[in-house]
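One structure below.
The figures that follow rest on heavy atoms only: side chains count, while hydrogens, waters and symmetry mates do not. Here is how names work: the chains are called A, B, and so on, in the same order as the sequence lines, proteins then strands, and each is numbered from 1.
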Amino acid sequence: MPSRPVVTRFAPSPTGFLHIGGARTALFNQLYARHTGGTFLLRIEDTDRQRSTEPAVAAIFEGLSWLGVTPDAEPVFQHSRADRHREAVMDLLAAGHAYRCYMTVEELEIERERARAEGRAIRSVWRDRTSNSPDAPHVIRFRGPLEGETVINDLVKGRIVYQNIELDDLVLLRTDGAPTYNLAVVVDDHDMGVTHVIRGDDHVNNAARQTLIYQAFGWEVPAMGHIPLIHGPDGAKLSKRHGAQAVGEFADMGYLPEAMRNYLARLGWGHGDDEIFSDAQAVEWFDVADVVRSPARLDWAKLAFINAHYIKLADNERLAALVSDVLIHRGEKPHADLSARLPDLIGLLKEGAKTTLDIADSLGFIAKTRPLALDAKTAGLLTDETRARLARLGQSLAKVEFTRESLEPAIRAFSESEGVGIGKFGQALRGVMSGGSPAPDLATTLASLGKDEALGRLNDALGLSS
RNA sequence: GCGCCCUUCGUCUAUCGGUUAGGACACCAGAUUUUCAUUCUGGGAAGAGGAGUUCGACUCUCCUAGGGCGUACCA
């Protein structure tokens, strides 16, 4: 294992959005680098020019920066290093660790079936043969050992042994001269000085093949750790029907990046009984060796719980900007005066919110304009007796400062002076204030409306002029 | 088919040969209460199955079952 300063890297392929599992892999890489005082790098694996897209690259950058998992250096684009990759393959060719293979797709198909029947991996007939017309279309394959075994001392899974006969002679250079992934990762990780390869479980099989390539080059093999995938709540592979896969979707659903980081870190990794922890604590505690071996399922309820926690902690100005975006996105752009009050309102309303979308929802009753249409339930509550009581309440509240702290005791005092429980008029008052829409507790509802608006709504409902 | 990996409450996890198997989310009940929510208190809930090793296994080994990943001129 390398004894140099730690260098980790996240190496996604830009063929789609940034998957939540990939985001966690990136997080783990960054945490480990920070924990060891090392460096965290980003490399875009775009050797397949057909499948790689610009929007996908943008989505990765955007997703990572939203999550707050950004590399310590400029990202490397793998395809820009194609010349270096080809050069490396030529070295392998010269050293006899690779060979030119002229198999046609048909022949390959036959060999594939034969190999399968014999229970071994693909080997080309060109392994020990040279062509009379060396310039004919061909790929360059790795010449893997036929015997022996390759051992991976996986940082999370432990010792994994592969029989070399099971490992195929993989293609290093395609017919068009383009390098393949398995060759490019090895060359790039080596050139970038990567000491610890922390990646998804779906790459374990490649670990052995890549180890062989490192050895052929005579390079030091980096430490590797394969982290389990994230599954949907039902245990199946995460897909659209589970609600979300892309980090961008989580952002749109009103989750905070720090909540995502906390939740993701806790998914598949743990530090004793700690559930909620800061980024600094995560860095202090994290170790790849402590990553859990088995795949984890996404649990929306727990994510919501953690998000609610971070919403309570979040700065109201910041939340206001987020909520405002939600409102605009919904086509409910808040008026200037509402905008100005947003931070204060959010301070009052964020208590039970699980997402910023919830906060936006809770703003609904405030945004209504007078006179409010009352729902049937509220209308039914407005008996003559209650109307009279609400009128008296209005008079006494007119003398009160409209803050939650002042309103709370004021309402209680009124209830006592009337000699009835709050239940006798509370429901009706809430209905009059909100028109029947969901609203928080009385004091908070009144405070968030403000004195003028609140008393105005009350007078509207009682048929009084304000 | 073959190879590799995984398997503790519903979920995320702790335990790293000796524990009443702990915590969190969720759930249920009770308390508080001006709706919902919040808050508080309490509760139910787990070592896939079978063989070993051992004085003693959730912890170690093997088998079975189930699940995942891979098996590309994708990454």
Side-chain angles (χ1 to χ4, degrees), chain A residues 11-15 45-48 50-52 78 101 103 105 108 112 115-122 137-141 152 154 156-158 160-163 165-168 170-182 184-185 199-209 226 228-229 231 233-237 263 266-276 292-306 308 312 351-354 358 362 377 408 411-412 415 421-431 434 436 438-445:
Chain A
S13 65
T15 51
E45 308 255 319
D46 54 357
T47 52
D48 187 333
Q50 253 67 50
R51 305 205 320 159
S52 302
Q78 194 160 60
C101 169
M103 275 180 135
V105 273
L108 223 194
R112 206 190 305 282
R116 183 176 174 135
E118 294 174 18
R120 57 166 175 81
I122 293 194
H138 65 279
V139 299
I140 295 181
R141 284 182 186 277
I152 310 292
D154 195 279
V156 351
K157 291 172 177 297
I160 303 174
V161 181
Y162 282 90
Q163 296 305 313
I165 194 72
E166 307 283 354
L167 277 15
D168 56 2
L170 38 81
V171 171
L172 267 20
L173 235 45
R174 295 181 246 244
T175 306
D176 64 0
T180 60
Y181 161 78
N182 277 298
V185 243
R199 78 239 287 197
D201 217 352
D202 49 339
H203 284 288
V204 257
N205 299 279
N206 291 326
R209 294 182 174 83
H226 293 89
L229 274 22
H231 290 166
D234 58 357
K237 189 173 169 180
Y263 177 72
R266 192 69 184 76
L267 230 206
W269 171 79
H271 180 265
D273 288 339
D274 297 301
E275 297 289 344
I276 290 190
V292 175
R293 291 173 165 74
S294 54
R297 303 182 185 197
L298 189 62
D299 183 355
W300 292 99
K302 188 158 186 178
L303 208 209
F305 170 81
I306 290 183
K312 286 185 198 116
E351 287 319 306
K354 294 191 183 306
D358 285 351
S362 70
K377 189 180 164 197
E408 170 75 14
I411 293 169
R412 293 204 176 280
S415 156
I422 293 175
K424 275 289 186 184
F425 61 90
Q427 274 284 44
L429 178 60
R430 181 199 317 286
S434 72
D441 67 87
L442 255 25
T444 302
T445 297

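The structure places CZ of A/F305 at 13.0 Å from OH of A/Y263, a figure rounded to the nearest 0.5 Å.
Among the heavy atoms of the strands, none lies under 4.0 Å from A/Y263. A/P440 comes within 4.0 angstrom of a base, heavy atoms only. Note on A/R297: only backbone sugar-phosphate atoms sit closer than 4.0 angstrom, heavy atoms only; bases stay farther off. Within the nucleic acid shown, A/R51 comes within 4.0 Å of at least one base atom, counting heavy atoms only. Residue contacts shown for A/S415 are absent, as no nucleic acid heavy atom lies under 4.0 Å away. Within the 4.0 angstrom heavy-atom criterion, base atoms lie near A/H203. Among the atoms of the strands shown, none is found under 4.0 Å from any heavy atom of A/V105.
Between the C1' atoms of B/G30 and B/C63, the separation comes to 49 Å (whole Å). Atom name C1', nucleotides B/G50 and B/A45: the rounded distance is 25 Å, in whole Å. As rounded to the nearest Å, B/U61 and B/U53 have P atoms that lie 15 Å from one another. Here, B/A48 and B/C40 have their P atoms 34 Å apart, quoted to the whole Å. Taking the P atom of each, B/G18 and B/A57 are spaced 11 Å apart, rounded to whole Å. B/U71 and B/U19 have their P atoms separated by 45 Å, given to the nearest Å. B/U34 and B/C28 are spaced 25 Å apart, taking the C1' atom of each and rounding to whole Å. Only the P atoms considered, B/G49 is 11 Å distant from B/U8, to the nearest whole Å.
Atom CG in A/L170 sits roughly 11 Å away from atom C1' in B/A72 (whole-Å rounding). Following rounding to the nearest Å, A/R266 (CZ) and B/A14 (P) show an atom-to-atom distance of 7 Å. We find that CD1 of A/I306 is positioned 13 Å from C1' of B/G23, with the value rounded to whole Å. As a whole-Å value, the separation of A/F305 CZ from B/A24 C1' is 7 Å. One atom, CD of A/E408, and another, C1' of B/U39, lie 14 Å apart when rounded to the nearest Å. Separating the NZ atom of A/K302 from the P atom of B/U13 is a distance of 9 Å, rounded to the nearest angstrom. Distance, A/L267 CG to B/U11 P: 13 Å, rounded to whole Å. In this entry the distance linking CG of A/D274 with C1' of B/G22 reads 13 Å, nearest Å.
Of the residues near RNA chain B, A/E275 and A/E351, the one whose nearest nucleotide (by heavy atom distance) lies more toward the 5' end is A/E275. Heavy-atom distances to RNA chain B give each of A/A301 and A/I160 a nearest nucleotide, and the one nearer the 5′ end belongs to A/I160.
Set against B/G10, B/C73, B/C69, the side chain of A/V171 has B/C73 as its closest nucleotide. The side chain of A/K157 approaches B/C5 more closely than any other nucleotide in the set B/C5, B/G3, B/U13.
In this view, A/H138 and A/R100, A/Y102, A/I140 satisfy the side chain to side chain contact (heavy atoms under 4.5 Å, CB included) rule, not counting sequence neighbours. Every residue two or more places apart in sequence or in another chain that forms a side chain to side chain contact (heavy atoms under 4.5 Å, CB included) with A/D441 is listed here: A/A443, A/T444.
Across all strands shown, the partner of B/C60 is B/G52, judged by Watson-Crick or G-U wobble contacts whose two distances both fall under 3.5 Å.
No more than 12 heavy atoms of other residues, nucleotides or ligands shown are found within 6.0 angstrom of CD on A/Q50.
At a cut-off of 3.5 angstrom, the base of B/A75 holds at least one donor-acceptor pair with the side chain of A/N206.
The pair A/R141-A/D168 fails the salt-bridge criterion, with no side-chain N (NZ, NE, NH1 or NH2) lying under 4.0 Å from an Asp/Glu carboxylate O.
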